Trainee: 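First the structure, then my questions, so here it is.
In what follows, every chain begins at residue 1, and chains take the letters A, B, ... in the order their sequences are listed. All values derive from a computational prediction rather than experimental measurement.
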Amino acid sequence: MKKLLTLVLALAMLLSVCTFSASAEELVDGKFAETRHITVEIYNRNNDGGTDPTNNVYTDYIKAGMLEKYNVEVEFVSIGRWTEVDDMNTALAAGDAPDVCVTYSYPTIQSYADMGGIINLNEIGGKALEEYKDVLPNLWNLLGDTNIFWDQDPDSGDLWAIEATLADNARINTFIRKDWLDKLGMELPTTEEEFYNCLVAFRDNAETLLGDDASKMVPYSTSYDIGWRNDLLFMAYVPEDAKDEDLYINGFDDRHLLYPNYKEGVRVLNKWYNEGLVWKDFAEYASDSTHEDDMMKAGFVGAFQHNWDYPYRGGEDSIQANLQRNVGEDACYVAVDTFVNEAGLHRKFLAPSIDRKVFFPATNEEPLASLLYLDFISDPETIAFLQLGKEGETYNVIEGGYEKIATTGDYLQNSLNNIDYTITVNGLYLGDATAVTTAMGYEKVSPELIVTANAAAKADGRIVTTYHCGAIEAEQEYGTRLPEFRDSLLNKAVTASVDDFDAVYDQGMDDYLTNGGQEIIDERAAKLEQYYGYTAE
Amino acid sequence: MNTNASRLPSNRSSNFRAYMRRYGTLYLLLILPLAFFIIFRYVPMVWILGAFKENNIFKNPWELDWAKNGGFEWFVKAFKDRTFINALRNTIMLNLLDLICGFPAPILLALLLNELSFKRFKKITQTVLYMPHFLSWIIISGLALRLLASNDGLVNILYKRMTGNPDASIPFMSNTNWWVGTYVVLGIWKEAGWGTIIYLAALTGISPELYEAAAVDGAGRFKRIWHVTLPGLRPTIITLLIMNLGRILGSEFDRPLALSNKLVTDVSQVISIYVYQNGLKANKFALTTAVGLFQSVVGVIFLVAANAMAKRMGERGIM
């Protein structure tokens, strides 16, 4: 009995030694001698008519490819797309997170890393990630040192996650009902003032434009997410000479709340709201409400800002397609580049080319196989198949690119261009064929609209330099609750009366800063001085 | 009973054996529920220690280092945090309002139902009253929004037509005071009917003779309610009141979360939402364990105090 126990213990030890000494030497001709098994996270969007995200033609392709190339079995585990942070937290806390995880939330990774729940990528098999470069050529080609080491701590060298790349950094656009402008004999607006005049004209001509439904007129709509949905308006008020360093210090909030002069942009929206130009009930509907989209589809909304291709997404169910069905063939949202800053530029603050964050939880016993998975999924051939599908079934080859075909069968993509599978790249990544394919990629929408929208979203774009100062502790502490304060502040400020605006805004900003905002600013400033020698004025 | 003298010293154990032979199967039946409580209710209590230790959910709480301030770091932190104080205030305010407005509602409703003489109508009314209980708060919040939204809610559309003023609207969901009212009224609408069940059950226990005697003595309908029905309900009312007071710091999660919006967070953020946002979303498990422990301790204090008070007033209490 004792002998048996010793044997078992010895075996267990040997096994654990094996798993912890993962190294490229385990590979024979680039392949594991014995079949390994890994689990990989996949978002579940629960779309109508969608396929099982863990088992379809695309996962079959990946499974077959990984088995053939590396002798690694892949199993997909689905995580709710819209509850990903909560689901991921629960899985990590319970110790049953997939071996390869992906999330948009770096703070989640950092806080689990602090508790010892995440693998340090610079210590896999006791080696720095750099030493695996030879076996990960595709990953390195796709992401480069910039994205791979983006999150590396400048002091300790710890690396908890790899940043996927954002293939297209188009972000937000302003959309307006072109057919309404035509009906009223107006031109596409090119300045804030002209845009305002359009909204006033929509409001005052509700009877002409909507007939019996005049009372449902919404000249300009927004959601409770004021910061995202009005970013272009607000950013036109940020001084052109704001320095990258200062924008970094005040750059914690991804909606740019702390950028200089932000308040003046919000003031404009507040004025519009009080003049009856903005959807009155926007603040009362929650994030998962489709009410606003439904109003757009029904043809009641004159203009709005949203993700750069928002009205065109979704094929038959897109806002554009519904609008044309409900209102008429000529009904159409077009992207306009309207808001100009003091320097005369259509300034937009675009995100650097980072996207989702890929990491391995501490429960991952196959870190090398997991790395190889990342390499496989970054292979241009894999990406092309996942994004395009099968010729004749999901796409046709056309001059300069590919034309997508609507499909409802096995080859249906649950996410646009299968971005949920291409976890190391978000957006079409087809080399020279990308531009044409993007323009042709929206069923029911003419390519010109897409080209216009894509160009408008990036015109005069500015990308603020990212300073790699390591983890900011105050962000761990307050990072997840500050967006609540931000939204509360902006919703209250926009719906306040014009006279109360200053008081409401200042009170909300005070709450934001005293509840952690100021600590983050101070720590960022201190770290910037420490690592880059910059002293804030 | 075994009376054999030679086995006298082991009398006790044989007693036990006889007892077990007789009732053993009943104890056997008890094992499963006991195991459930031990595994799912008592073992997790070890994690209460987490409230006094450093924040880490991957290590055994016994092995973790104590938190700062002699273990009370997280308690100190919570009470220094304005958002927690706000959540505490809101929890107490909403629960008190619920208690004051919501507690009498099912009693009144039960009294009314009890007075209905037409059986069929009574049954139908009861069923209709129970129904909202089976709807989730998510559904109710959706209904509420469609009915009560400031601008395009049905109630406000009617209100506009009635007043003839297109700008007139009642901010049911967007003004903090109105929102509290909406919150309480929706709570009553959802649960009052269900709450009557226990009172109606108690009412069946009141002897009809008492009513007949009261009627003979010339008591009218209201007098009979006052002198017969209500005294008959008193033990039930006291029991439920004590249990409700024990929940004074506890808070529902889905109700405030579903009904809330960004304009009313000043009054809608309650402790359960605080725990969700800081614990599950921001991984501050030690902090939120401390908050949960605080909630439970205050709840127990209220429960015991209310029970003692009830006993002093001559009621039976629940403990």
Trainee: Strictly distance-based, threshold 3.5 Å: is any side-chain N or O of B/K281 a donor or acceptor partner for the main-chain N or O of A/R481?
Mentor: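 Pair absent, no side-chain N/O of B/K281 close to backbone of A/R481.
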Trainee: Pick whichever of A/N515, A/T514, A/N491, A/D114 has the most heavy-atom pairs under 4.5 Å with chain B.
Mentor: A/N491
Trainee: Which residues from residues 162-191 of chain B are near chain A, with near meaning under 4.5 Å between non-hydrogen atoms?
Mentor: B/M173, B/S174
Trainee: Which residues pass the ring pair (Phe, Tyr, Trp, His ring centres under 6.0 Å) test with B/F285, sequence neighbours left out?
Mentor: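 Not a single residue meets the ring pair (Phe, Tyr, Trp, His ring centres under 6.0 Å) criterion with B/F285.
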Trainee: State, with a plain yes or no, whether a side-chain heavy atom of B/T83 is found less than 4.5 Å away from one of A/E484.
Mentor: no
Trainee: So A/Y285 and B/L145, do their side chains get closer than 4.5 Å, heavy atoms only?
Mentor: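 Yes, at least one pair of side-chain atoms sits under 4.5 Å.
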Trainee: Do other residues, nucleotides or ligands put more than 12 heavy atoms under 6.0 Å from the CG atom of B/L158?
Mentor: yes
Trainee: Where does A/E477 contact chain B at under 4.5 Å (heavy atoms): side chain, backbone, both or neither?
Mentor: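 Interface part for A/E477: both.
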Trainee: Would the number of heavy atoms belonging to other residues, nucleotides or ligands and lying under 6.0 Å from CZ of B/F79 be above 12?
Mentor: yes
Trainee: Check for a donor-acceptor pair, side chain of B/D152 on one end and backbone N or O of A/D281 on the other, with a separation under 3.5 Å.
Mentor: no
Trainee: Tell me, for A/D487 versus chain B, whether the close heavy atoms (under 4.5 Å) come from the side chain, the backbone, both or neither.
Mentor: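 Looking at A/D487, backbone and side chain both touch chain B.
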Trainee: Can you tell which part of A/S289 gets under 4.5 Å to a heavy atom of chain B, answering side chain, backbone, both or neither?
Mentor: neither
Trainee: How about A/K492 and B/K262: do any of their side-chain heavy atoms sit closer than 4.5 Å?
Mentor: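 No. Closest side-chain heavy atoms not under 4.5 Å.
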Trainee: Distance check, rounded to the nearest 0.5 Å: A/D511 atom CG versus B/T265 atom OG1?
Mentor: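 The OG1 atom of B/T265 is 9.5 Å from CG of A/D511, to the nearest 0.5 Å.
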Trainee: Output the option from A/V85, A/L490, A/T108, A/T480 having the highest count of non-hydrogen pairs under 4.5 Å with chain B.
Mentor: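 Among the listed options, the one with the most contacts to chain B is A/T480.
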Trainee: Regarding B/S150 and A/E284, is there a side-chain donor-to-acceptor distance under 3.5 Å anywhere?
Mentor: yes
Trainee: Roughly how far, to the nearest 0.5 Å, is the CZ atom of B/F58 from the CG atom of A/L92?
Mentor: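 Result: 6.0 Å between the selected atoms.
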Trainee: Is the shortest side-chain heavy-atom distance between A/W279 and B/N151 below 4.5 Å?
Mentor: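 They are not in side-chain contact.
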Trainee: Which atoms of B/E54 are under 4.5 Å from chain A, going by heavy atoms: the side chain, the backbone, both sets, or neither?
Mentor: neither
Trainee: Can you tell me how far CZ of B/R161 sits from OG of A/S215, rounded to the nearest 0.5 angstrom?
Mentor: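 Here the rounded value is 7.5 Å.
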Trainee: Tell me, for B/K59 versus chain A, whether the close heavy atoms (under 4.5 Å) come from the side chain, the backbone, both or neither.
Mentor: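 Nothing of B/K59, per the 4.5 Å heavy-atom cut-off to chain A.
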Trainee: Side chains of B/I57 and A/Y112: does their closest heavy-atom pair fall under 4.5 Å?
Mentor: yes
Trainee: Are more than 12 heavy atoms from other residues, nucleotides or ligands located less than 6.0 Å from atom CD of A/E473?
Mentor: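 No - once you tally the heavy atoms of other residues, nucleotides and ligands closer than 6.0 Å, there are 12 at most.
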Trainee: Can you measure from OG (A/S488) to CG (B/D266) and round to the nearest 0.5 angstrom?
Mentor: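 Atom-to-atom, A/S488:OG and B/D266:CG are 5.5 Å apart.
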Trainee: First locate atom CG of A/D86, then atom CG of B/L280, and finally report the distance between them rounded to the nearest 0.5 Å.
Mentor: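 If we round to the nearest 0.5 Å, A/D86:CG and B/L280:CG are 5.5 Å apart.
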